[in-house]
Number of protein chains: 2
Amino acid sequence: MSQSIEATIVVVDDEPSIRELLMASLHFSGFEVVSAATGSEAIEVIEKTKPDLVVLDVMLPDIDGFTVTRRIRQGGVDAPVLFLTARDDTQDKVMGLTVGGDDYVTKPFSLEEVVARIRAILRRTRQEGEADPIIKVADLEINEDSHDVTRAGEIIDLSPTEYKLLRYLMDNEGRVLSKAQILDHVWQYDWGGDAAIVESYISYLRKKIDGVEVRDENGAKKKVTPLIQTKRGIGYMIRAPREEQGSTD
Amino acid sequence: MSQSIEATIVVVDDEPSIRELLMASLHFSGFEVVSAATGSEAIEVIEKTKPDLVVLDVMLPDIDGFTVTRRIRQGGVDAPVLFLTARDDTQDKVMGLTVGGDDYVTKPFSLEEVVARIRAILRRTRQEGEADPIIKVADLEINEDSHDVTRAGEIIDLSPTEYKLLRYLMDNEGRVLSKAQILDHVWQYDWGGDAAIVESYISYLRKKIDGVEVRDENGAKKKVTPLIQTKRGIGYMIRAPREEQGSTD
DNA sequence: TCTCATCCTGTAGATTTCCTGAGAAACGTC
DNA sequence: GACGTTTCTCAGGAAATCTACAGGATGAGA
């Protein structure tokens, strides 16, 4: 969200709700988005649009996603593809998807997941110098390539959901996010449970992120300053602590 | 209210009282407002008007709000939507409502809430540039993104209602607001209590906003100048103090 | 100055929201 | 198949917030 990436993406899915969900989310994340509902339409649109990336459902009513990929590659388009697959698709089919810059996510996905994968692919594809996989808030860092998380230098181990939640918060540093927003972005789109789960995961994150102890100059143990804040009745926010202005200005 | 945003909004709700409440309030807030009472009428009006934003009740007599959204998006309108939902279907259907610049408020809402959400959406949607989340009166500032409130640099912690009240006052800087007006805007439209509660909250705000102490050049503690004024028999107003010439206090 | 309406603010109880630990279920790994 | 991890639910308790109410303070007008 923070940095505008300026890339064109073609979204291919026959289910209107999923297509629109992806379009809205990607558009809002700063991408140029075009869509297609069938395989043949996809080929046409992709060859015309020459996108930087294609989000492609493998299960399409007419031509399956792999064939679509083959066709567009023959047509001279070598944009990377992010496949959308059903969870029960056999492993062998999914095998080989991760070669050549392509990747996949399983349905039902979370928007966080999709956007993160897209960013990762583009980062890899675009080579260039400015591909920085590190997101930073104060002394908290996450590396999008290695999925490493460190606080004040200490390595922190997070579960997948904890990681996604943290990344979403950090992507929106200094902005209060409601529990509904967090649910919509971090959890799978078919999630039917209660927003209370967000509270639990915030609690887990706090224990791991804000519960870190470091040693100061004297060797005494000291808790780090909390970064995750609760805005009661509104939501949660992550932010670097304000500069202490002890100066009498 | 202060800054004229000049945007066109379509309001869709089948209940005439709510529709008119919203229309009046939004019109007064400086928006161009058109309305519709049913889903089909909404689609027609929206495609003709091409508004900057749509306020849409999800529960409509003919076509539900989600379908309306899909239809207008297919029709080439990609205006963001502020959904109005009943409090009890927040769990099932709310999923994805906060995606892609969209948002929602639950009925019964307060007008403050609706206007604030609309501003937030427009701020985010209208791309970069002059998106300023800060509202300022003298040395009092509120940040709409982080919900931070500062007076003379000091961070102030406000409850949700206090925050809404302050925002309403600041949005109407230099204008006296009656207790009835405040009640109508800051509290939910079905509020049945006494207007005396406004006095209580004004009192809370004063303690927090106008009770701040700062240190002057000599290091002596000094109260800030009060910003919240009572107009006896009329209402309340917030305003930057006039240029002091020969302060006798 | 007196009176009355209006406003201010403290107290207290009810309500809402949040935090966190414990446990069940699902999942992946060896 | 056994184990550890992860995800999710639930519920108790703590804390913040909301609201009503009432006595005191203040201001306007007679």
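Distance, K207(A) NZ to dA22(C) P: 9 Å, rounded to whole Å. The separation between D210(A) atom CG and dC19(C) atom P is 12 Å, rounded to whole Å. The nearest whole Å value for the distance from the CD1 atom in I202(A) to the P atom in dC8(D) is 15 Å. One atom, CG of D194(A), and another, P of dA11(D), lie 12 Å apart when rounded to the nearest Å. Atom pair Q188(B):CD and dT15(C):P shows a separation of 16 Å (rounding to whole Å applied). Distance E113(A) CD to dT7(D) P: 12 Å, rounded to the nearest Å. Here dT7(D) presents its P atom at 14 Å from CG of L183(A), a figure rounded to the nearest Å. Put simply, CD1 on I228(A) is 11 Å from P on dT20(C), counting in whole angstrom units.
Look at T161(B) and you'll find a side-chain N or O under 4.0 angstrom from OP1 or OP2 of dC18(D). Here K231(B) does not reach the OP1 or OP2 of dT6(C): none of its side-chain N or O atoms lies under 4.0 Å away. Under 4.0 angstrom from either OP1 or OP2 of dT17(C) there lies no side-chain N or O belonging to T230(A). Taking 4.0 angstrom as the limit, S203(A) places none of its side-chain polar atoms (N or O) nearer than this to OP1 or OP2 of dG21(C). The shortest distance between the side-chain N/O atoms of Y204(B) and the OP1/OP2 oxygens of dT9(C) is not below 4.0 Å. Phosphate proximity of dT19(D) to W187(B): present, with a side-chain N or O under 4.0 Å from OP1 or OP2.
Salt bridge annotation for K223(B)-D210(B): absent, with no cationic side-chain nitrogen under 4.0 angstrom from a carboxylate oxygen. Ion pair K208(A)/E162(A) flagged as a salt bridge, since at least one NZ, NE, NH1 or NH2 atom sits closer than 4.0 Å to an Asp/Glu carboxylate oxygen. For D190(A) and K107(A), the salt-bridge test fails: no basic side-chain N is under 4.0 Å from an acidic carboxylate O.
Closest to the E199(A) side chain, of the nucleotides dC18(C), dA20(D), dC8(D), is dC18(C). For S200(A), the side-chain atoms get nearest to dT20(C) when compared with the rest of dT9(C), dT7(D), dT20(C). Proximity note for K179(B) (side chain, C-beta onward) versus dC7(C), dC18(C), dC18(D): the nearest is dC7(C).
Below the 3.5 angstrom threshold, one finds no donor paired with an acceptor across the side chain of R232(A) and the base of dT17(D). No N or O donor and acceptor, one from the side chain of Y236(A) and one from the base of dC18(C), sit under 3.5 Å apart.
With V186(A) as the partner, the side chain to side chain contact (heavy atoms under 4.5 Å, CB included) test is satisfied by one option alone out of Q181(A), R167(A), K164(A): K164(A).
One finds the CZ atom of R117(A) at 12.5 Å from the CG atom of L53(A) (value rounded to the nearest 0.5 Å).
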